[in-house]
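Beneath this line is the structure, given in structure tokens, with notes to follow.
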Amino acid sequence: MDLQFLGGAREVGRSAILVNDRLLLDYGMLAGEPPQYPIDVPEPEAVVVGHGHLDHAGAVPALLSGDARPPIHWTPPTRELALTLARDTLKLHGGTLQCPFTETDVRRVTQVSETHGYEETFETAGHEVTFSNAGHIPGSAHVLVDDGDARLLYTGDFHTDDQRLVSGTTARPDADVIICESTYSDVDHEARSTVEERFVESVETTLWEGGTVVVPAFAIGRTQEMLLICEAYDIPCYVDGMGKGVTEMLLRYPEFVRDPTALRRAKSHARFVTGRNGQRERITDQPAAIVTTSGMLSGGPAMTYIPAIRSNPTNKITLTGYQVEGTPGRRLVETGSAEIDGRVLPVSAQVEQYDFSAHADRDGLRAFLDGYRDAEILVNHGDRCSAFAAELTADGFDASAPENGETVVVGE
């Protein structure tokens, strides 16, 4: 089995792996200014997408910009999420060099899309493929690929612990080769229940004091997790941004969430912001949590709310995800200031950060890989892939960390 790494090797973003020159696993983008895409535009016979985040699915429509029309295989939520992200990318960058696809390409995606549930084996491009629940976001999948000679398990992004939105992965399909993500290979996550309790106590204290809490959250997965927490603890909350549509969409696929009844309650508990008639300005004076995109403050409704609440030290901004270096969210954490309308202004509101990660940490990664001590491990999707591969090798694994552009022959 030949594996060509076109993106996501020794980095977080633009995941893309070509199997046997025929089957493409993921085709994502690395968000930034400007965005980065995989190092090549292949012409696979078929495409398989593990989950609906930008770094794994964000560039998929570009594969259809020529004459080729490869089928695209994914779970139903991943299909919906990928199309949502593509339309958002068009809105932000369409018609510029920063966007490698057009509205026509996005329409073509719907024409070649083929959806599959978990544990439903299908054949494509000369391979047998099976999805298993990866426990990352709704619809996220481990991808098992069998070419008749070797069995490859592409973990995609995964989590071994339960979240309110999705259950942790328990799938351990037999495989000869593992391509394993390593995003948090040097981190030990605090227990989710402890993180929740600290978050809730902080928000409730602010609301009791008459303040407002802005909760920047990624639209896919994190927004719904925060709404579930707010409902569970009866915290009054609003939801704004792309997360509104994602929440409504996920309710159409109840089999891909842990507790669809709880998600329906959370949606009913939250008040959806329309933005009409000065609504955003009014709610910033209310003691409530406002769950809104973007999670790293790089745009979206969050940048309407931050200026409105920044001057009052009773208010809070509670960041719920990792803040990539160079993003406004990272700048806020490090300097206590935010860029607003082209000016860098101090933020007097309290700034807090909570680890609600949907990735396995070091212990989770090791526990997962312990079931594959006889397999070849290829470490990707991380900032320290080589270091983690070296740690695994020292512990008796056959592990390495390929580079982008490298072709690895496995299973011989």
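One is the number of the first residue; the rest follow in order along the sequence.
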Handout entry: Axial cation check for Phe272 ring with Lys267, 6.0 Å and 45° limits
Key = yes
Handout entry: salt bridge (charged side-chain N to carboxylate O under 4.0 Å, His left out) between Asp55 and Arg14, worked out
Key = CA-CA 5 Å; Asp55 55 338; Arg14 60 174 181 171; over 6 Å; no
Problem - Spacing of Tyr184 atom OH and Ser357 atom OG [to the nearest 0.5 Å] - result: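 One finds 4.0 Å between OH of Tyr184 and OG of Ser357.
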Completion exercise
When rounded to the nearest 0.5 Å, the distance separating CH2 of Trp74 from OG1 of Thr115 is 10.0 Å
Problem - Sub-4.5 Å side-chain heavy-atom contact between Gln323 and Leu332 - result: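 Of all side-chain heavy-atom pairs linking Leu332 with Gln323, none is under 4.5 Å.
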Exercise for the section: Answer whether the closest heavy-atom distance between the side chains of Thr320 and Met226 falls below 4.5 Å. Expected result: yes
Problem - For the student: nearest non-hydrogen atoms of Pro71 and Glu114, plus distance - result: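 The answer is CB-OE2, 3.6 Å.
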Practice task
Grab the two heavy atoms, one from Tyr154 and one from Ser15, that are nearest each other, plus how far apart they are.
Solution key: OH-CB, 3.9 Å
Exercise for the section: Look only at the side chain of Thr212 and the backbone of Thr284, and say whether a donor-acceptor pair between them is shorter than 3.5 Å. Expected result: yes
Handout entry: Side-chain donor or acceptor of Gln224 paired with backbone N/O of Ala219 under 3.5 Å
Key =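 Yes.
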Practice task
May I have all residue pairs that pass ring pair (Phe, Tyr, Trp, His ring centres under 6.0 Å) and include part of residues 216-236, sequence neighbours excluded?
Solution key: none
Practice task
Show the numbers, then the answer: is there a salt bridge (charged side-chain N to carboxylate O under 4.0 Å, His left out) between Arg265 and Glu231?
Solution key: CA-CA 7 Å; Arg265 285 199 311 266; Glu231 193 280 329; 3.6 Å; yes
Exercise for the section: Considering only NZ, NE, NH1 and NH2 on the basic side and carboxylate oxygens on the acidic side, decide whether Arg330 and Glu334 come within less than 4.0 Å. Expected result: yes
Using residues 36-45 as the side-chain source, report each donor-acceptor pair under 3.5 Å to any protein atom, sequence neighbours left out, with the distance given to one decimal.
unit_1: Tyr37; atom_1: OH; unit_2: Gln98; atom_2: O; d: 2.6
unit_1: Glu45; atom_1: OE1; unit_2: Arg22; atom_2: NE; d: 3.2
unit_1: Glu45; atom_1: OE1; unit_2: Arg22; atom_2: NH2; d: 3.0
unit_1: Glu45; atom_1: OE2; unit_2: Arg22; atom_2: NE; d: 2.9

Handout entry: Check: Arg362/Ser185 side-chain N/O donor and acceptor closer than 3.5 Å
Key = no
Practice task
Using the side chain to side chain contact (heavy atoms under 4.5 Å, CB included) rule, pick out the option among Ile179, Leu378, Leu3 that qualifies with Pro402.
Solution key: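 One option only clears the test, and that one is Leu378.
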Problem - side chain to side chain contact (heavy atoms under 4.5 Å, CB included), paired with His51, selected from Asp157, Thr75, Ile220 - result: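 Exactly one option meets the side chain to side chain contact (heavy atoms under 4.5 Å, CB included) with His51, and it is Asp157.
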Handout entry: Residue list, side chain to side chain donor-acceptor pair (under 3.5 Å) with Asp105, at least two apart or on another chain
Key = Thr102, Arg108
Exercise for the section: Can you sort out the partners of Arg87 under side chain to side chain donor-acceptor pair (under 3.5 Å), two or more places apart, ordered by chain and number? Expected result: none
Practice task
State whether the number of non-hydrogen atoms from other residues, nucleotides or ligands found under 6.0 Å of Glu255 atom CD is greater than 12.
Solution key: yes
Exercise for the section: State whether the number of non-hydrogen atoms from other residues, nucleotides or ligands found under 6.0 Å of Asp188 atom CG is greater than 12. Expected result: yes
Handout entry: Ring centre gap for His359 and Phe158 strictly below 6.0 Å
Key = no
Completion exercise
Residues passing the salt bridge (Lys or Arg N to Asp or Glu O under 4.0 Å) test with Arg198, sequence neighbours excluded, are Glu190
Which donor-acceptor pairs under 3.5 Å do the side chains of residues 135-146 make with protein atoms, sequence neighbours left out?
unit_1: His136; atom_1: ND1; unit_2: Ala358; atom_2: O; d: 2.8
unit_1: His136; atom_1: NE2; unit_2: His53; atom_2: ND1; d: 3.3
unit_1: Ser140; atom_1: OG; unit_2: His136; atom_2: N; d: 3.1
unit_1: Ser140; atom_1: OG; unit_2: Ile137; atom_2: N; d: 3.2
unit_1: Ser140; atom_1: OG; unit_2: Ile137; atom_2: O; d: 2.8
unit_1: His142; atom_1: ND1; unit_2: Thr155; atom_2: O; d: 2.9
unit_1: His142; atom_1: NE2; unit_2: Thr169; atom_2: OG1; d: 2.9
unit_1: Asp146; atom_1: OD1; unit_2: Gly148; atom_2: N; d: 2.8
unit_1: Asp146; atom_1: OD2; unit_2: Arg151; atom_2: NH1; d: 3.4

Problem - Test log, rule ring-ring contact (aromatic ring centres under 6.0 Å, His included), inputs Phe199 and Tyr354 - result: CA-CA 7 Å; Phe199 171 80; Tyr354 295 88; 5.4 Å; yes
